Each structure stands twice: as structure tokens, then as C-alpha cells.
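What follows is a set of notes on a single structure, which appears directly below.
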Amino acid sequence: ITQSIPSRPETKQRQWNSAILKAIKELGYDPIRLPPHKRGGKGARWEVEKKLKVKPHDCKSFYNAWDRALKDGVICVARS
């Protein structure tokens with residue numbers, strides 16, 4: 001007898017990771033070679049944030065997801 005394992009709903013973190021990766025690719029960037037932040041300019045994170053139309057009450061979640069993705073190696077910023 002086989003039991004069906006109920007699928008778990010996608011966590012907020014995974015939703016952010018998926019959205020961030022999709023936006024990075026749509027912007028034409030390689031997730032593991034994001035352009036470095038230029039002094040006085042807008043970086044890739046800003047571009048992704050604007051593409052996703054992150055609302056003010058979601059900013060902290062977005063920044064945390066971005067930082068986790070960097071820490072986990074899901075995304076990487078190229079050295080200048």
C-alpha cells in the first residue's frame with residue numbers, strides 16, 4: 001500500500017528565491033556572475049527590486065532573501 005505524501009506549500013523564502021532568480025534572468029544577468037555595484041550607481045539588487053515591484057512592507061523580506069541567496073551561493077556578485 002502506498003501513501004501519498006501531501007505536497008507542502010512553498011515557503012515564503014522559496015517564493016522569494018524563485019522570484020529573484022527569474023527576475024535576474026529576465027534582466028539578462030547570469031545569477032552566479034552579477035555585475036558588481038558601481039560607486040554612486042544602482043546595482044543589480046536595485047534592478048531586481050524594481051522589476052519585482054517590491055512593496056515597502058516587503059522590503060525587509062526581499063533584502064533577507066537576497067542576502068540568504070548570496071550566502072548560500074544561489075547568486076554571486078562578480079569581482080570588479
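Computed from a prediction, not measured in an experiment: that's the story for all the values here.
- Atoms CG and OH, from D58 and Y63 in turn, are 11.5 Å apart once rounded to the nearest 0.5 Å.
- Here the shortest heavy-atom pairing between V77 and P35 reads CG1-O, 3.8 Å.
- Taken from CD1 in I20 to CD1 in I75, the straight-line distance is 6.0 Å, to the nearest 0.5 Å.
- Around CD1 of I32, the count of heavy atoms belonging to other residues, nucleotides or ligands within 6.0 Å does not exceed 12.
- Once rounded to the nearest 0.5 Å, the distance linking OH of Y29 with CD of E47 reads 3.5 Å.
- Judged by the 6.0 Å and 45° rule, R45 forms no cation-pi pair with F62.
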Practice problem: Begin from the C-alpha positions of V48 and V54 and carry the test side chain to side chain contact (heavy atoms under 4.5 Å, CB included) through to its verdict. | Solution: CA-CA 9 Å; V48 170; V54 177; over 6 Å; no
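- Shortest non-hydrogen contact noted between A44 and L34 is CB-CD2, 4.2 Å.
- Hydrophobic clustering (ILVMFWY, side-chain heavy atoms < 4.5 Å, transitive): L27 and W46 are in distinct clusters.
- When all heavy atoms of L70 and C76 are compared, the pair lying nearest together is CD2-CA, 4.3 Å.
- Of all heavy-atom pairs between P36 and R79, the closest is CG-C, 4.4 Å.
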